[in-house]
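The structure presented is a predicted model; accordingly, all values stated were derived computationally and were not measured. Both ligands and their constituent atoms are indexed starting at 1 by order of listing.
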Amino acid sequence: MHDFHRKKLAFIGGGNMGRAIIGGLIGSGFPATGIVVADPHAPGREALERDFAIRTTADNAAAVAGADVLVLAVKPQQLAEVTMALRPALAAARPLLLSVAAGIRLAELSSWAGADLAVIRAMPNRPALLGVGATGLFAGSTATTEQRTLAEQVLAVTGLTVWVRSEAELDWVTALSGSGPAYFFLLAELLARSAAAHGIEPETAARLAAHTLHGAGRMAVMPDADLARLRAEVTSKGGTTAAALASFEANGLAGLVEAAVVAAATRSRELGDVYGQSQGAAG
Ligand SMILES: NC(=O)c1ccc[n+]([C@@H]2O[C@H](COP(=O)([O-])OP(=O)(O)OC[C@H]3O[C@@H](n4cnc5c(N)ncnc54)[C@H](OP(=O)(O)O)[C@@H]3O)[C@@H](O)[C@H]2O)c1
């Protein structure tokens with residue numbers, strides 16, 4: 001951990017995700033002097049300086065100088081231009097590139113960066129903004145064990161981190177945890193709507209649904225929690241929960257979920273192809 005706190009971290013893009021990671025780092029005791037953020041948005045930079053006492057700049061190349069890790073946290077469609085413009089600075093500093101951009105593949109990143117750098121991709125999700133995210137990581141073959149540990153330490157401040165075994169698996173991570181918060185919101189929304197349709201005050205129903213989602217989530221991440229066992233524990237034989245679960249099963253919930261996850265992963269692959277083709281042409 002001490003070694004980690006001596007590293008120099010640079011961020012390109014200090015928006016939602018950049019800010020989430022920086023906030024987590026500072027909250028976990030990482031020294032503010034070890035962090036620099038480049039972002040063209042002056043009010044955003046001022047807020048980062050004010051909130052975290054870190055250094056910011058509008059000059060991306062200046063942020064790269066001396067960096068051990070360069071976190072790429074701009075929108076996917078901005079990444080090709082941003083990375084290619086940094087080639088000389090990257091060749092000089094040779095940082096680990098850690099991209100949180102959805103859908104941009106390692107091959108593209110490496111070719112844009114140009115300098116045969118170690119590259120790691122992360123797929124975080126929105127709750128990372130509250131420090132309770134879930135991130136899938138995949139490292140290119142040139143990343144060392146130390147660099148993998150470094151990437152994991154950077155993202156661990158936003159919640160759970162897991163490594164996947166192939167880049168293709170990141171499409172399934174996207175379909176599961178990347179897009180997943182929306183699935184749970186939808187289910188809670190439908191539950192609330194249903195209760196409201198039967199007479200519960202809509203606002204009351206929404207609060208009950210949201211707190212049920214929160215409570216179930218807390219139980220699901222307890223040490224040694226097992227989802228199937230938890231479900232069994234809260235389902236009495238012949239009771240109300242059992243009636244609802246039987247209805248879900250009879251109406252094909254498992255098939256609906258499978259189709260939805262496949263649809264999300266397919267879309268993730270398609271977006272990766274689009275970025276690869278359109279921006280690769282610019283590189
Ligand atoms: N937010 C999430 O829940 C989430 C989840 C998973 C993955 N991600 C990934 O995280 C990345 C960032 O997403 P975000 O939600 O943080 O987006 P965001 O809030 O728009 O942040 C991007 C930041 O980059 C800045 N920027 C734009 N052009 C730049 C440039 N040329 N050089 C340096 N900075 C530049 C933007 O400034 P301006 O506002 O002035 O344009 C903005 O502050 C995306 O690639 C996304 O796929 C996000």
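- The closest protein non-hydrogen atom to atom 36 (C) of ligand 1 is D39 OD2, 3.7 Å.
- Those atoms of ligand 1 with a heavy atom of M17 less than 4.0 angstrom away are 1 (N), 2 (C), 3 (O), 4 (C), 5 (C), 10 (O), 14 (P), 16 (O), 48 (C).
- Residue contacts with ligand 1, taken as heavy atom pairs separated by less than 4.0 Å, involve N60 solely via side-chain atoms from C-beta onward.
- At the top of the distance list for atom 31 (N) of ligand 1, counting protein heavy atoms only, stands V82 CG2, 3.3 Å.
- Nearest protein heavy-atom neighbour of atom 19 (O) of ligand 1: N16 N, 2.9 Å.
- Judged by distance alone, with hydrogens and angles left aside, the side-chain atoms of T158 form a donor-acceptor pair with the main-chain N or O of L155 at under 3.5 Å.
- Taking atom 10 (O) of ligand 1 as the reference point, the nearest protein heavy-atom neighbour is V100 CG2, 3.5 Å.
- Looking at atom 1 (N) of ligand 1, its nearest protein heavy atom turns out to be R126 NH1, 3.5 Å.
- What sits closest to atom 27 (C) of ligand 1 on the protein, heavy atoms only, is Q78 NE2, 3.3 Å.
- Looking at L98, L90, L117, L96 one by one, the single match for side chain to side chain contact (heavy atoms under 4.5 Å, CB included) with L70 turns out to be L90.
- Scanning A73, P40, G13 for the heavy atom closest to atom 22 (C) of ligand 1 points to A73.
- The protein heavy atom nearest to atom 40 (O) of ligand 1 is H41 CB, 3.3 Å.
- At a 4.0 Å heavy-atom cut-off, ligand 1 does not touch A128 at all.
- For a threshold of 3.5 Å applied to N or O pairs, the pair formed by P124 and ligand 1 contains no separation below that value.
- Looking only at heavy atoms of the protein, atom 47 (O) of ligand 1 is closest to A102 N, 2.9 Å.
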